[in-house]
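One structure is given below, encoded as structure tokens.
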Amino acid sequence: MTARLLIVGPQGSGKGTQGVRIAEAFGVPAISTGDTFRAAIRDQTPLGVEVKAIIEAGNLVPDEVTSAVVRERLAQDDAAPGFLLDGYPRNLGQVNDLDAFLESRDEQLDAVIELSVPRQESIDRLITRAAEQGRTDDTAEVIAHRLSIYENETAPILGVYGERGLVVSIDGVGTLDEITERIVTALVARGLTPQG
Ligand code: ADP
């Protein structure tokens with residue numbers, strides 16, 4: 001049984017937290033491009049040096065850089081039974097890159113989880129997170145910029161995946177456990193099987 005999943009939602013929707021939980025439930029690695037870039041910046045790797053200023057400004061890292069990072073990660077052995085991608089694809093170019101990669105391996109996505117939260121709720125959550133974690137891209141100005149990129153560039157990918165019948169829309173307001181349960185139930189209804 002494989003599970004190839006994407007989780008898509010605006011900043012502050014809780015997709016990182018839910019992504020880890022869902023990946024664990026289905027026995028696949030959770031792969032977050034944002035986490036990968038932050039680790040690279042922290043470790044001052046060549047990738048980190050390349051993307052630091054872009055991320056701090058709230059802009060998207062160029063597709064060729066991001067897609068190369070994802071391809072390399074998905075080619076590792078632990079992603080053979082599947083994966084949960086958080087934060088990728090983030091625009092239509094990246095959808096094409098992922099399509100080409102999966103096609104070359106004769107693999108298909110099983111579902112795209114859309115986590116919806118009202119705009120004001122996601123802004124409130126980001127402001128709380130800024131106070132707790134001090135992420136350098138969580139200032140009011142950069143948050144607004146990232147949300148507008150989400151609306152203009154990322155939300156349209158849901159139209160493409162929706163046409164393919166892959167989108168599972170989940171209400172992202174509730175307790176962490178309630179939301180995890182909603183996602184698991186919706187994926188089971190699509191024929192996916194959680195691990196033990
Ligand atoms: P958020 O969803 O709160 O923006 P992420 O951790 O997903 O947080 O991403 C943080 C930053 O990393 C983004 O603002 C962007 O600069 C960069 N990034 C992450 N994923 C991608 C991607 N798929 N394409 C381009 N840039 C990305």
Side-chain angles (χ1 to χ4, degrees), residues 4-23 29-74 79 83-102 109 112-158 160-161 170 172 179:
R4 298 195 177 89
L5 307 169
L6 309 182
I7 190 162
V8 182
Q11 288 72 14
S13 61
K15 70 184 161 55
T17 307
Q18 294 299 334
V20 168
R21 288 171 164 231
I22 297 305
I31 300 168
S32 156
T33 43
D35 284 352
T36 303
F37 289 140
R38 279 186 289 278
I41 292 170
R42 189 191 58 225
D43 298 342
Q44 299 182 348
T45 67
L47 174 68
V49 171
E50 183 176 357
V51 303
K52 185 171 190 284
I54 298 172
I55 289 184
E56 285 180 352
N59 289 317
L60 294 187
V61 172
D63 291 351
E64 57 274 22
V65 174
T66 308
S67 292
V69 166
V70 172
R71 276 195 298 270
E72 195 179 308
R73 180 65 188 85
L74 292 182
F83 51 79
L84 180 140
L85 278 172
D86 160 11
Y88 182 94
R90 220 172 178 100
N91 59 26
L92 296 171
Q94 294 179 11
V95 169
N96 288 336
D97 290 345
L98 181 62
D99 281 348
F101 176 79
L102 292 175
L109 292 176
V112 176
I113 303 157
E114 175 190 13
L115 204 54
S116 310
V117 291
R119 191 185 168 102
Q120 192 54 51
E121 167 107 10
S122 71
I123 293 172
D124 291 347
R125 290 184 190 176
L126 286 170
I127 289 168
T128 307
R129 183 173 82 187
E132 286 169 3
Q133 299 180 2
R135 250 174 67 169
T136 50
D137 60 351
D138 273 349
T139 63
E141 208 184 347
V142 177
I143 287 171
H145 183 53
R146 280 157 52 222
L147 279 168
S148 80
I149 293 180
Y150 179 81
E151 280 157 17
N152 295 322
E153 296 192 42
T154 307
I157 77 172
L158 290 166
V160 173
Y161 288 127
I170 303 290
I179 297 163

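Just so you know, ligand 1 is whichever comes first in the structure, and atom 1 is the first atom listed for that ligand.
- Contact atoms of ligand 1 toward G87: 20 (N), 21 (C), 22 (C), 23 (N) (distance under 4.0 Å to a heavy atom of the residue).
- Remark: ligand 1 atoms within the under-4.0 Å shell around heavy atoms of K15 are 2 (O), 7 (O).
- Here the closest non-hydrogen pair linking V65 and E50 is CG2-OE2, 3.4 Å.
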Given L98 and L85, is the side-chain contact (heavy atoms from CB on, under 4.5 Å) satisfied, shown in steps? CA-CA 11 Å; L98 181 62; L85 278 172; 4.3 Å; yes

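- Here's the thing with Q94: one of its N/O atoms is less than 3.5 angstrom from an N/O atom of ligand 1.
- Atom 27 (C) of ligand 1 has F37 CE1, 3.7 Å as its closest protein atom, hydrogens excluded (heavy atom only).
- Between S67 and the choices T33, N96, D97, the side chain to side chain donor-acceptor pair (under 3.5 Å) rule is met once, by D97.
- With a 4.0 Å heavy-atom cut-off, ligand 1 is reached by the side chain of T66 but not by its N, CA, C or O.
- Shown here are the side-chain contact (heavy atoms from CB on, under 4.5 Å) partners of R4, two or more places apart in sequence or in another chain: T2, F83, E107, L109, D110.
- Of the candidates L60, N59, V61, it is N59 that places a heavy atom closest to atom 16 (O) of ligand 1.
- Considering backbone and side-chain atoms alike, G12 places every N or O at 3.5 Å or more from each N or O of ligand 1.
- Annotation: atom 12 (O) of ligand 1 to nearest protein heavy atom, I55 CD1, 3.6 Å.
- Residue-ligand proximity, Q11 to ligand 1, at heavy-atom distances under 4.0 Å covers atoms 1 (P), 2 (O), 3 (O), 4 (O).
- Polar contact with ligand 1: present for R90 (N/O pair, distance under 3.5 Å).
- Residue contacts with ligand 1 for D63 are absent, since no atom lies close enough (heavy atoms, distance under 4.0 Å).
- Protein heavy atom at the shortest distance from atom 10 (C) of ligand 1 is R38 NH1, 3.6 Å.
- Annotation for L74 and A79: closest pair O-CB, 3.5 Å, computed over non-hydrogen atoms.
- Within the 3.5 Å criterion, the main-chain N or O of N91 finds no donor-acceptor partner in the side chain of T154.
- The closest side-chain donor-acceptor pair between S32 and Y88, if any, does not fall under 3.5 angstrom.
- Between S32 and ligand 1, not a single N/O pair is under 3.5 Å apart.
- Polar contact with ligand 1: present for T33 (N/O pair, distance under 3.5 Å).
- Using a 4.0 Å cut-off between charged side-chain N and carboxylate O, R146 and D138 make a salt bridge.
- More than 12 non-hydrogen atoms from other residues, nucleotides or ligands lie less than 6.0 angstrom from CD of Q120.
- Of all the atoms in ligand 1, the ones that sit under 4.0 Å from a non-hydrogen atom of Y88 are 23 (N).
- Taking each heavy atom of A30 and V20 in turn, the nearest pair found is CB-CA, 4.1 Å.
- Contact annotation for E56 and ligand 1: no heavy atom of the residue comes within less than 4.0 Å of the ligand.
- Of the protein's non-hydrogen atoms, the one nearest atom 8 (O) of ligand 1 is R135 NH2, 3.2 Å.
- Those atoms of ligand 1 with a heavy atom of R146 less than 4.0 angstrom away are 1 (P), 3 (O), 4 (O), 14 (O).
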Step by step, work out the side-chain contact (heavy atoms from CB on, under 4.5 Å) result for I54 and L60. CA-CA 7 Å; I54 298 172; L60 294 187; 5.9 Å; no

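- Residue-ligand proximity: R129 is placed with a non-hydrogen atom under 4.0 Å from ligand 1.
- Here the straight-line distance linking atom NZ of K15 with atom CG of L6 works out to 11.5 Å at 0.5 Å rounding.
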